[in-house]
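None of the values given here were measured: they were computed from a predicted structure. Below, chain A is the first sequence line, B the second, and so on; all start at residue 1.
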2 protein chains.
Amino acid sequence: MPSSKPRIDEDAGPEYRLDDQIGFLLRRGTQRHLGIFARHIPDLTPTQFAAIAKLFEMGPVSQNELGRRTAMDAATIKGVIDRLRRRELVTTRRDRVDQRRIYVELSPLGSKLFEDSEAAALVISEQTLAPLSPEDRASFVKLLKIIT
Amino acid sequence: MPSSKPRIDEDAGPEYRLDDQIGFLLRRGTQRHLGIFARHIPDLTPTQFAAIAKLFEMGPVSQNELGRRTAMDAATIKGVIDRLRRRELVTTRRDRVDQRRIYVELSPLGSKLFEDSEAAALVISEQTLAPLSPEDRASFVKLLKIIT
DNA sequence: GCAAAATCCTTTGCATACGAACAATATGGT
DNA sequence: ACCATATTGTTCGTATGCAAAGGATTTTGC
């Protein structure tokens with residue numbers, strides 16, 4: 001009589017399965033999205049594109065403020081801006097009034113790059129959600145916004 | 001007559017808003033989860049915990065295989081295992097048959113650490129989903145599994 | 001006005017992540 | 001047996017990400 005493993009846990013221990021955990025699933029989802037992004041916009045990372053998109057939306061803004069709007073801390077946004085500036089996609093200048101601030105502005109080249117990539121960026125979002133039905137897509141995005 | 005900005009886009013251009021894009025939301029969700037994780041299990045990163053949890057589930061397994069099961073590429077899992085081995089949470093040994101393979105095994109210390117953190121890990125998942133109603137949690141996890 | 005607190009940016013250190021290139025080893029087809 | 005191919009693990013380079021500490025500047029509280 002093979003009753004080696006009881007179905008009910010003897011210690012009433014919690015059953016942790018990695019593949020069911022929200023953190024693991026978020027990481028995998030991000031990975032899949034990253035792959036789709038890289039195929040459609042190979043010359044920018046999602047973070048770099050986020051910074052450019054936000055600059056396009058907002059116009060010139062201080063570096064840390066841009067970081068806040070794109071969910072990057074001060075150390076991270078600095079690196080991103082440094083790399084974008086090196087490619088001449090953005091320009092920076094010190095604020096005359098508040099000498100601490102560095103204003104970041106999209107260059108014409110950066111503006112053009114955004115406009116040329118905008119359609120691709122929307123395709124990326126669509127493809128990422130493609131496995132879901134249209135109703136599920138909306139509800140998924142809604143729920144994801146809530147837990148953010 | 002102030003009709004400067006038409007509600008309907010003249011160029012029928014797509015309107016990209018960063019805050020609505022799935023990639024940006026995934027990144028923000030991951031960030032929030034990471035913060036919750038660090039508060040509950042400060043001495044392990046989510047990735048390190050994932051490796052340990054999978055080893056606990058599966059028993060000894062080769063390094064690359066473990067990487068596949070935890071969604072890490074070969075370069076990433078190597079660094080994770082190196083750091084876990086340095087803390088003596090795992091042990092490694094070469095496979096006698098296949099000389100390429102390195103078997104990774106949870107040490108007693110690593111096993112104990114997992115068992116001691118398992119409850120906290122479940123709390124982390126709960127707290128991450130806390131803003132959602134119980135029904136929404138289940139549906140969110142289900143949808144997230146699909147787009148993975 | 002002035003000291004304390006807050007804000008802005010920088011730097012360092014650590015830990016993911018991934019692509020690409022590589023050496024060593026196994027496996028497959030013929 | 002042999003050779004093309006695949007797999008395993010390593011290394012390097014680049015890019016997030018965050019914590020913590022620090023310097024410079026501005027704002028606030030009194």
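- When the C1' atom of dA15(D) is taken as reference, atom CZ of Phe49(A) falls 18 Å away, rounded to whole Å.
- Using a 4.0 Å cutoff to heavy atoms of chain A, the contacted part of DNA chain C runs 5' to 3' from dA6(C) to dC18(C).
- Between Asp73(A) atom CG and dA19(D) atom C1' the separation is 9 Å, expressed in whole Å.
- Nucleotides of DNA chain D nearest to Arg96(A) and Gly79(A) differ in position, and the one nearer the 5' end is that of Gly79(A).
- Rounded to whole angstrom, the span from the CD1 atom of Ile77(A) across to the C1' atom of dA15(D) amounts to 13 Å.
- Between the side chains of Ser107(B) and Glu88(B), no donor-acceptor pair of N or O atoms lies under 3.5 Å.
- Under the 3.5 Å distance criterion, the side-chain polar atoms of Gln63(B) are left unmatched by any main-chain donor or acceptor of Ala74(B).
- If you measure from atom CG of Leu44(B) to atom P of dC18(D), you get 19 Å, rounded to the nearest angstrom.
- The heavy-atom pair separating Gln99(A) from Arg96(A) by the smallest distance is NE2-O, 3.0 Å.
- Across every non-hydrogen atom of His40(B) and Ala120(B), the tightest pair is O-CB, 4.3 Å.
- Across all strands shown, Thr47(A) has heavy atoms under 4.0 Å from sugar-phosphate atoms exclusively, and none from any base.
- For an aromatic pair to be called close, the ring centres must be under 6.0 Å apart, and Tyr16(B) with Phe56(A) fails this.
- Using modelled atom types, one finds a donor on one side chain and an acceptor on the other under 3.5 Å when comparing Arg85(B) with Thr92(B).
- Scanning all heavy atoms of the two residues, the minimum distance from Ala51(B) to Leu84(B) falls at CB-CD1, 4.1 Å.
- Summarising the geometry, the separation between CZ on Arg83(A) and C1' on dG13(D) is reported as 12 Å, rounded to the nearest angstrom.
- Within the 4.5 Å cutoff, side-chain heavy atoms of Gln48(A) are placed close to those of Arg83(A).
- Rounded to a whole Å, the CD1 atom of Ile41(B) is 18 Å from the P atom of dC18(D).
- The residue Val104(B) sits apart from the nucleic acid: no heavy atom pair falls under 4.0 Å.
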Using a cut-off of 4.0 Å between protein heavy atoms and nucleotide atoms, how would you tag nucleotides 5-11 of chain D 5' to 3' with B, S and -?
-BBSBBB
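- Each of Gln99(A) and Thr76(A) was matched to the nucleotide of DNA chain D holding its nearest heavy atom; the match closer to the 5' end belongs to Thr76(A).
- The nearest whole Å value for the distance from the CD1 atom in Ile81(A) to the P atom in dA15(D) is 14 Å.
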Yes or no on side-chain hydrogen bond (donor to acceptor under 3.5 Å, both in side chains) for Ser139(B) and Asp136(B), after CA distance, side-chain angles and deciding distance?
CA-CA 5 Å; Ser139(B) 111; Asp136(B) 282 350; 4.8 Å; no
